[in-house]
Amino acid sequence: MKIDVLTIFPEFFLQIFDFGIIRRAKLAEIVKINVHDLREFTTDKHRMVDDRPFGGGDGMVLKPEPIFAAIEKLIGTAVRDDYPAGTKVVLLSPQGRPLRQDLAKEFADVDSHVVLICGRYEGVDERVNETLVTDEISIGDYVLSGGEPAAVVLVDTIVRLLPDALGSDTSAENDSFSDGLLDCPHYTRPAEFMGMKVPDVLLNGNHAEIEKWRRGKALEKTRLNRQDLLEGEKGEM
Ligand code: ADE
């Protein structure tokens with residue numbers, strides 16, 4: 001998988017992809033991540049990446065020209081219908097489709113080329129969205145100052161789902177959300193810590209009982225913190 005990030009703050013990403021699973025995936029050449037400074041794609045003297053909104057209002061809007069130039073360079077064309085198969089151009093914005101585990105799974109394809117455009121909170125010229133973007137994605141119902149943290153979140157959720165990115169094949173299957181529930185609690189040694197004991201069932205080696213306990217705890221946690229995840233599943237409860 002190849003990921004290109006387009007941003008006006010390239011320094012934001014200096015180390016952020018150099019830890020843990022993402023670093024390992026990069027070293028194993030499961031994914032290649034490149035960060036590009038949008039300013040490099042300007043052609044005017046002042047290297048302007050943004051301008052005031054037509055119609056008035058606060059803040060600045062990212063200009064279309066540098067983004068079109070960047071897409072042309074990175075993909076080979078700025079015509080959406082001519083993108084090679086497996087190409088995704090994502091605009092990170094609070095107006096996008098909400099990022100959920102199933103959406104991350106759709107993106108986790110080793111052969112694809114994903115270009116992430118980090119918007120600013122005031123906005124991006126809508127012609128970018130209308131003609132270049134294949135997916136507008138939001139990481140949640142809150143407003144960030146820019147799409148950079150959202151791009152990091154999206155890259156992390158996708159890369160950990162790529163085959164061989166995680167140490168063991170089963171770890172992603174047991175994640176929260178992969179079966180529509182939150183994850184169950186986990187414990188490690190010591191079995192007793194400051195008088196607090198690990199549940200007995202986890203120590204007795206009975207795997208069927210452990211599985212049942214985990215499912216029960218996952219349900220309990222989901223009921224407590226995310227009732228909304230259970231609404232669609234009522235029939236099964
Ligand atoms: N940019 C600003 N807010 C955002 C959000 N919630 N998700 C994605 N990109 C954003």
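In what follows, every heavy atom counts, from backbone to side chain, and hydrogens, waters and symmetry copies are set aside. Just follow the structure's listing: the first ligand is 1, and inside any ligand the first atom is 1. Since the model is a prediction, treat every value here as computed from it, not as a measurement.
- For ligand 1, the atoms lying closer than 4.0 Å to a non-hydrogen atom of G146 are 1 (N).
- Proximity of G119 to ligand 1 is not established, as no heavy-atom distance is less than 4.0 Å.
- Under the 4.0 Å criterion applied to side-chain N and carboxylate O atoms, K217 and E220 are assigned as salt-bridge partners.
- Remark: the backbone N or O of N204 is not paired with any side-chain donor or acceptor of D200 at under 3.5 angstrom.
- Counting only distance, with no hydrogens or angles, the side chain of R39 and the backbone of R47 share a donor-acceptor pair below 3.5 Å.
- A cation-pi geometry, defined here as NZ or CZ lying under 6.0 Å from the six-membered ring centre and within 45° of its normal, holds between K88 and F107.
- Under the 4.0 Å criterion applied to side-chain N and carboxylate O atoms, E65 and K63 are assigned as salt-bridge partners.
- Nearest to atom 7 (N) of ligand 1 among the protein's heavy atoms is I139 N, 3.0 Å.
- Among all non-hydrogen protein atoms, the one lying nearest atom 3 (N) of ligand 1 is L144 N, 3.0 Å.
- Nearest to atom 1 (N) of ligand 1 among the protein's heavy atoms is P94 CD, 3.6 Å.
- The closest donor-acceptor contact from the side chain of S138 to the backbone of G140 lies under 3.5 Å.
- Those atoms of ligand 1 that come under 4.0 Å of a heavy atom in A150, given as number and element, are 8 (C), 9 (N).
- A heavy-atom distance below 4.5 Å is found between the side chains of L154 and L116.
- Protein heavy atom nearest atom 6 (N) of ligand 1, with residue, atom name and distance: Y142 O, 2.8 Å.
- At the top of the distance list for atom 9 (N) of ligand 1, counting protein heavy atoms only, stands S93 N, 3.2 Å.
- When non-hydrogen atoms are compared, ligand 1 lies under 4.0 Å from the backbone of I137 (N, CA, C, O) but not from its side chain.
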